[in-house]
Visitor: 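Below is a structure I'd like to ask you about.
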Amino acid sequence: MLLRHIPFLKAVFIHSLTAFGGPQAHIGMMLKTFVHKRPYVSKQELMEYTAFCQLLPGASSTQTLTLIGYKRGGVVLAVLTLIIWILPASILMGALSFLLHYIDKKALHVDIFKFIPPMAVGFLVYATVMAFSISIRNTVTWIIMGVCAVATFLLFKQPWIFPLLIVLGGITTNLSRKRILQTEQKPRKIKWWNFWLFGIIFITAGFFSSVAKNNDWPNRTPVNLFENTYRMGSLVFGGGQVLMPMMYEQFCVRPDAIKEKDPEVVRIDKDDMYTGMGIVRALPGPVFSIASFAGGMALKDYGKTTEERTLMQLVGCIIGTIAIFLPSALLVLFFFPIWNNLKKYAAVYRSLEGINAVVVGIMIASTFYLMKDISLLDIRLGSLINAIVIAGTFTLLQYTKIPPPFIVIGCLILGSIF
């Protein structure tokens, strides 16, 4: 049965190698790859998945792609989709933890990636235009979109702003007078296994990490690393831009304050973490792959011989990858069937109109938030090219059938030339 899904999994793999720009830009690329090129999902479904994943903690673009796989082939295809999506970025970031001290850090910030940010803005503009056409249809949705765009731009770094706005948007349109007949619903059995697994892992990891620390277990660092990373993956809202400051505080700032009292604390050098945080933005795939790098750096000196240290660094990369993405997968696969059942009720159905309007507002704010760090108004060649890349990316996506990978390759070539 999986053979018929090979074209879809191939598309996921290509997407994982070319999805630059973070979760906001990923939406535009998903529209082009999974809606327009081959209709694996509809525009409405993709918008709904995006809104739903904003309500959950974890990696939102990863959860959205996992749901596309789930819709096409159930849990098995969802898991395969997740693995294929996260592996390239995780392998690259894990490899960086091994290579970091053998290469010139300044050389990592090469100009080949200089036009990736404006390209990401172009993808986001394209996604916003597509979402606008199906979500903004009346005065209420216009108001919701405008208010949410302003609020998101002003409070972009606050992780609670996304789920809060989505809830408020749903409540707003649910107050409308539009009548929707409530059909008779048969109770459906909820499959609790993955939610129980999520909770058991969370509690067990916390318990053993606390016991290991309080009793000063030898070789306890891998246990603490898993607990720290799994906890962050379970609780972080707002995507990679929120996760990275959390990791910096957990693995760099806090250990410096307590390293004399707790020499076994999980610790990463601040400069190394800064480098990893910069490089992950220039690589395709999920920003949460920074955890693969952090796990490797945390255990790179763990062992007596060179072979032991290499093995433990590899173990650290694996721990970081599993611990950061597992909570996202368990939560989204548990709550989505419940969400699908709830949509059949009138109150929830009316809320979808406001929720979709909120997502458009968030996308507009994300566009302007990304643009504020891109030079556009200076009288110089770089600013002109940035504007051309934004406009050109949108135009190619909107009016041609050129696949996103070729646009990405073109921007990388442009960066190597100018």
Visitor: Any side-chain heavy-atom pair from Met119 and Ile390 closer than 4.5 angstrom?
Guide: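 No; the side chains remain at least 4.5 Å from each other.
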
Visitor: Quick one: closest heavy-atom pair of Ala19 and Met29, and the distance?
Guide: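 Answer, listing the atom of Ala19 first, then Met29: CA-SD, 3.2 Å.
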
Visitor: Give the intermediate values and the outcome of side chain to side chain contact (heavy atoms under 4.5 Å, CB included) for residues Phe13 and Lys10.
Guide: CA-CA 5 Å; Phe13 179 67; Lys10 180 182 176 182; 5.6 Å; no

Visitor: Answer whether the closest heavy-atom distance between the side chains of Val35 and Met30 falls below 4.5 Å.
Guide: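 Contact flag for Val35/Met30 side chains = no.
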
Visitor: When rounded to the nearest 0.5 angstrom, what is the spacing between CE in Met93 and CE in Met297?
Guide: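 Atom-to-atom, Met93:CE and Met297:CE are 10.0 Å apart.
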
Visitor: Hey, what's the ring geometry for Trp85 with His15, parallel, tilted or perpendicular (30° and 60° as the breaks)?
Guide: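 The rings of Trp85 and His15 lie parallel, inter-plane angle below 30°.
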
Visitor: For the atom pair OG1 (Thr64) and CZ (Phe34), what is the distance rounded to the nearest 0.5 Å?
Guide: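 Taking OG1 in Thr64 and CZ in Phe34, the distance rounds to 11.0 Å.
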
Visitor: Side chains of residues 195-207: which donor-acceptor partners sit under 3.5 Å, not counting sequence neighbours?
Guide:
{"from": "Thr204", "atom 1": "OG1", "to": "Ile200", "atom 2": "O", "distance (Å)": "2.6"}

Visitor: Taking Phe288 as the fixed residue, which of Thr62, Thr229, Val236 is the one that meets the side chain to side chain contact (heavy atoms under 4.5 Å, CB included) rule?
Guide: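 The single option meeting the side chain to side chain contact (heavy atoms under 4.5 Å, CB included) with Phe288 is Val236.
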
Visitor: Take Leu165 and Thr152 through the test side chain to side chain contact (heavy atoms under 4.5 Å, CB included) and record every step on the way to the result.
Guide: CA-CA 9 Å; Leu165 289 176; Thr152 302; 3.2 Å; yes

Visitor: As an exercise, state the distance from OH of Tyr230 to CD1 of Ile319, rounded to the nearest 0.5 Å.
Guide: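 CD1 of Ile319 is found 14.5 Å from OH of Tyr230.
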
Visitor: For Gly316 and Leu299, work out which heavy atoms get closest and say how close.
Guide: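 That would be CA-CD1, 3.5 Å.
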
Visitor: So do the side chains of Gln250 and Met232 get within less than 4.5 Å of each other, counting heavy atoms only?
Guide: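 Gln250 vs Met232: side chains touch.
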
Visitor: If you compare all heavy atoms of Ser61 against all heavy atoms of His26, which two are closest, and at what distance to 0.1 Å?
Guide: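 Distance-wise, the nearest heavy atoms are OG-ND1, 3.3 Å.
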
Visitor: What about the rings of Tyr49 and Phe336, do their centers lie closer together than 6.0 Å?
Guide: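 Aromatic pair counts; centres sit under 6.0 Å.
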
Visitor: Does Phe132 offer a backbone N or O that forms a donor-acceptor pair with the side chain of Ser135 under 3.5 Å?
Guide: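 It does not hold such a pair.
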
Visitor: Walk me through whether Ser90 and Phe293 qualify under side chain to side chain contact (heavy atoms under 4.5 Å, CB included).
Guide: CA-CA 8 Å; Ser90 297; Phe293 170 81; over 6 Å; no

Visitor: Is any side-chain heavy atom of Val223 less than 4.5 Å from a side-chain heavy atom of Glu227?
Guide: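 No. Closest side-chain heavy atoms not under 4.5 Å.
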
Visitor: About how many Å separate CG of Leu87 and OG of Ser289, when rounded to the nearest 0.5 Å?
Guide: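 Those atoms lie 11.0 Å apart.
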
Visitor: Minimum heavy-atom separation for Lys270 to Cys252, with atom names?
Guide: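 That would be CG-CB, 3.8 Å.
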
Visitor: Assess whether atom OH of Tyr302 is packed by more than 12 heavy atoms of other residues, nucleotides or ligands within 6.0 Å.
Guide: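 Atom OH in Tyr302 is packed in, count exceeds 12.
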
Visitor: How would you list all residue pairs meeting salt bridge (Lys or Arg N to Asp or Glu O under 4.0 Å) that involve residues 403-418, not counting sequence neighbours?
Guide: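 Those involving residues 403-418 do not exist here.
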
Visitor: When rounded to the nearest 0.5 angstrom, what is the spacing between CG in Asn228 and CE in Met247?
Guide: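 Asn228 atom CG to Met247 atom CE measures 9.0 Å (nearest 0.5 Å).
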
Visitor: Show, in sequence, the C-alpha distance, side-chain angles and deciding distance for Phe123 and Leu31, and conclude whether the side chain to side chain contact (heavy atoms under 4.5 Å, CB included) test is met.
Guide: CA-CA 10 Å; Phe123 272 101; Leu31 271 169; over 6 Å; no

Visitor: Less than 6.0 Å separating the ring centroids of Phe335 and Phe52?
Guide: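 So the answer is no for these two rings.
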
Visitor: Report the C-alpha distance between Ser383 and Asn386 in whole Å, list the side-chain angles of each, state the deciding distance to 0.1 Å, and finish with yes or no for side-chain hydrogen bond (donor to acceptor under 3.5 Å, both in side chains).
Guide: CA-CA 5 Å; Ser383 298; Asn386 284 336; 5.2 Å; no

Visitor: Return yes if some donor-acceptor pair links the side-chain N/O of Ser328 with the main-chain N/O of Ala59 below 3.5 Å, else return no.
Guide: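 The answer is yes, because a donor-acceptor pair under 3.5 Å joins these two groups.
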
Visitor: Looking only at heavy atoms, which two atoms of Ala51 and Ile355 are closest? And how far apart?
Guide: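 Shortest heavy-atom separation between Ala51 and Ile355 comes out as CB-CG2, 3.2 Å.
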
Visitor: Taking C-beta and beyond as the side chain, do Phe226 and Ser209 meet within less than 4.5 Å on heavy atoms?
Guide: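 No, every pair of side-chain atoms sits at 4.5 Å or beyond.
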
Visitor: Which residue pairs pass the salt bridge (Lys or Arg N to Asp or Glu O under 4.0 Å) test with at least one member in residues 39-67, sequence neighbours excluded?
Guide: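 Applying salt bridge (Lys or Arg N to Asp or Glu O under 4.0 Å) to every pair that reaches into residues 39-67, excluding sequence neighbours, yields Glu45-Lys71, Glu48-Lys343.
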
Visitor: Hey, are the side chains of Val287 and Leu243 touching, using non-hydrogen atoms and a 4.5 Å cut-off?
Guide: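 Contact flag for Val287/Leu243 side chains = no.
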
Visitor: Tell me the closest heavy-atom pair linking Gln313 and Gly296, and the distance in Å.
Guide: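 That would be CG-O, 3.2 Å.
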
Visitor: Is Ile68 close to Leu46 at the side-chain level, that is, under 4.5 Å between some pair of heavy atoms?
Guide: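 Side-chain contact under 4.5 Å: yes.
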
Visitor: What I'd like to find out is whether the side chain of Met130 reaches to under 4.5 Å of the side chain of His36, using heavy atoms alone.
Guide: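 Yes, their side chains come closer than 4.5 Å.
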
Visitor: Looking at Ser97 and Gly94, would you say the former's side chain and the latter's main chain have a donor-acceptor pair under 3.5 Å?
Guide: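 Checked: pair present.
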
Visitor: About how many Å separate CG of Leu82 and CG of Leu77, when rounded to the nearest 0.5 Å?
Guide: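 It comes to 11.0 Å.
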
Visitor: With distance as the sole criterion, is a donor-acceptor pair present between the side chains of Asn138 and Glu353 under 3.5 Å?
Guide: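 Judged by distance alone, the side chains do pair up.
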
